[in-house]
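Comments concern the structure below.
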Amino acid sequence: MKNILVTGGLGFIGSHTVVELQASGYRVIVVDDLSNSTVDVLENIEKISGIKPDFHQLDLRNKSDVQQLFATTSIDGIIHFAAFKAVGESVHKPLEYYENNIGSLVYILQEMVKHNIKNFIFSSSCTVYGQAETLPITELEKTKPALSPYGNTKQVGEEIIIDACNAHQLNAISLRYFNPIGAHDSIHIGELPLGVPQNLIPYITQTAIGLRDELSIFGNDYDTKDGTAVRDYIHVVDLAKAHIAALTRLVNKENTENYEYYNVGTGTGLSVLEIVESFERVTEQKLNYTIVERRKGDVTAAFADNTLVTSKLKWQPEKSLDDALRSAWEWQKKNT
Ligand code: UD1
């Protein structure tokens, strides 16, 4: 049985990935500093899979703790989620973002080299493309200078991994996520935003349940079908499964390059208004919303061409937007 270290394994995408790893027969070691998650997630993972993963509460900025972890744990591969991810906050706290997102990445790669661990999966983002020249976005699309320190940590993170792969014969895959949404079918795990949600779906569900007065839709003067911005919303369980596909490719030595990167999205672009309408239809809730000005840093449209990931990783999205919105709503009701 392969031992997989999952950093940030109690977070939104991390927890869903832990469950899928367990279902695929991997043994999981979770590291999380609980800065944006709670330890209850561990029990909720166990409710789904029947297996409680090994857990270390650990801050990856602490180099000696990272060294200690690797010295005492047998690890065959790493899926690295742990990172700060609030775009707006990163503008005000850039150095904290660089210290956390870049510092911890470097420490982990150093320990991989030291302990001869070869397989690494990195959480990247479609944000590396900025406003793409061509839609849908393929992996041939040029990356753009990042619009935020957060985005820059993803770009620089990828570059650091490329250098480490070349110098130290590591194998790595970056998954460039589009917009992950939804919750596990069991409704035991989901997204738990701290404070006021920045992302669309948690803001919608919190508005529908009465925690927020109304949703602000950021701009209706974009050059899109209805003027609101377009994104590619992917069910978090599908996204989690893409990690298993990527890891399995490395474990089975099926990768053709030592560094590969894939867009992970559904391939369908939907506007904010389409999301609102679908949410209202699926949940039979009326949503209060108002149109406000554009949010700084938002792109007009981003959706994936997922040809590469479907062919190379033999992965494809299985769940619908309605599944995702329904589960997000059930999760909100359970947690309010
Ligand atoms: C952003 C980041 C992405 C990051 C993700 C993680 C960019 C370009 N994208 O995605 O890299 O991985 O957050 O959190 O930096 N919207 C509203 N009202 C709201 C919230 C959102 O209208 O209250 C709209 C946004 O303008 C956007 C869409 O909904 O058009 C999706 O927004 P969001 O969920 O925040 O994701 P992104 O900005 O696409």
Side-chain angles (χ1 to χ4, degrees), residues 8 11-14 36 81 83-91 97 101 122-132 135 137 141 143-158 174-182 191-208 211-236 239 263-266 268-279 287-304 321 324-325 328:
F12 177 40
I13 309 171
N36 195 18
F81 293 103
F84 293 153
K85 61 167 188 175
V87 176
E89 182 187 63
S90 78
V91 176
Y97 272 68
N101 294 11
F122 182 60
S123 292
S124 189
S125 168
C126 69
T127 198
V128 301
Y129 298 117
Q131 179 54 66
L135 293 167
I137 304 172
E141 180 75 30
T143 60
K144 295 250 176 34
L147 291 171
S148 69
Y150 158 78
N152 204 27
T153 67
K154 294 301 173 189
Q155 289 198 355
V156 174
E158 287 200 26
S174 288
L175 298 179
R176 293 175 173 171
Y177 312 152
F178 284 67
N179 292 54
I181 62 166
E191 188 169 11
L192 279 171
L194 281 182
V196 181
Q198 306 299 310
N199 295 114
L200 179 62
I201 303 303
Y203 208 103
I204 287 178
T205 58
Q206 289 198 7
T207 304
L211 292 174
R212 312 273 157 214
D213 290 340
E214 62 183 6
L215 168 75
S216 297
I217 295 183
F218 299 136
N220 67 348
D221 57 350
Y222 285 106
D223 182 16
T224 60
K225 42 194 152 187
D226 59 25
T228 63
V230 165
R231 298 287 184 275
D232 184 334
Y233 296 89
I234 176 156
H235 198 299
V236 65
L239 178 57
N263 291 345
V264 188
T266 64
T268 302
L270 294 169
S271 73
V272 178
L273 277 175
E274 285 176 318
I275 294 291
V276 168
E277 282 157 16
S278 299
F279 179 82
L287 196 74
N288 292 328
Y289 66 85
T290 180
I291 310 286
V292 301
E293 62 192 45
R294 293 180 179 193
R295 181 171 68 177
K296 199 165 163 285
D298 274 352
V299 298
T300 302
F303 52 100
L321 176 72
L325 295 175

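One-based numbering, in listed order, for ligands and for the atoms of each. Worth knowing before you read on, the calculation uses all heavy atoms, side chains too, and leaves out hydrogens, waters and symmetry mates.
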Which residue holds the protein heavy atom closest to [atom], what is that atom called, and what is the gap in Å?
| atom | answer |
| --- | --- |
| atom 27 (C) of ligand 1 | Arg231 NH2, 3.8 Å |
| atom 30 (O) of ligand 1 | Ala229 CB, 3.2 Å |
| atom 3 (C) of ligand 1 | Ser125 OG, 3.9 Å |
| atom 34 (O) of ligand 1 | Leu200 N, 2.8 Å |
| atom 10 (O) of ligand 1 | Asn179 ND2, 3.9 Å |
| atom 32 (O) of ligand 1 | Arg295 NH2, 3.5 Å |
| atom 26 (O) of ligand 1 | Asp298 OD2, 2.5 Å |
| atom 6 (C) of ligand 1 | Asn199 ND2, 3.9 Å |

Show which atoms of ligand 1 fall inside a sub-4.0 Å distance from at least one heavy-atom site of [X].
| X | result |
| --- | --- |
| Ser216 | 17 (C), 18 (N), 19 (C), 22 (O), 23 (O) |
| Ile217 | 22 (O) |
| Thr127 | 7 (C), 8 (C), 11 (O), 15 (O) |
| Val87 | 2 (C), 15 (O) |
| Tyr233 | 28 (C), 29 (O), 31 (C) |

Spacing of CD1 belonging to Ile291 relative to CD1 belonging to Ile217, to within rounding of 0.5 Å | 4.0 Å

Please examine the side chains of [Y] and [X], heavy atoms only from C-beta on, and report whether any two atoms are closer than 4.5 Å.
| X | Y | answer |
| --- | --- | --- |
| Cys126 | Phe178 | yes |
| Thr143 | Arg176 | yes |
| Glu89 | Tyr150 | no |
| Thr228 | Phe218 | no |

Heavy-atom pair with the smallest gap, counting every atom of [X] and [Y]:
| X | Y | answer |
| --- | --- | --- |
| Val276 | Leu287 | CG1-CD2, 3.9 Å |
| Leu270 | Leu321 | CD1-CD2, 3.6 Å |
| Thr207 | Glu214 | CG2-CA, 3.6 Å |

Is the NZ or CZ atom of Arg231 both under 6.0 Å from the centre of the six-membered ring of Phe303 and within 45° of that ring's axis?
-> no

Is NZ or CZ of Lys85 both nearer than 6.0 Å to the six-membered ring centre of Phe12 and within 45° of the ring axis?
-> no

Between the candidates Tyr129, Phe12, Phe178, Phe218, which shows the shortest non-hydrogen contact distance to atom 16 (N) of ligand 1?
-> Phe218

Test of understanding: given a 4.0 Å heavy-atom threshold, classify the contact between [X] and ligand 1 as side chain, backbone, both, or neither.
| X | result |
| --- | --- |
| Leu215 | side chain |
| Tyr150 | side chain |
| Gln198 | backbone |

Taking everything shown except Asp223 itself, do over 12 heavy atoms lie less than 6.0 Å from its CG?
-> no

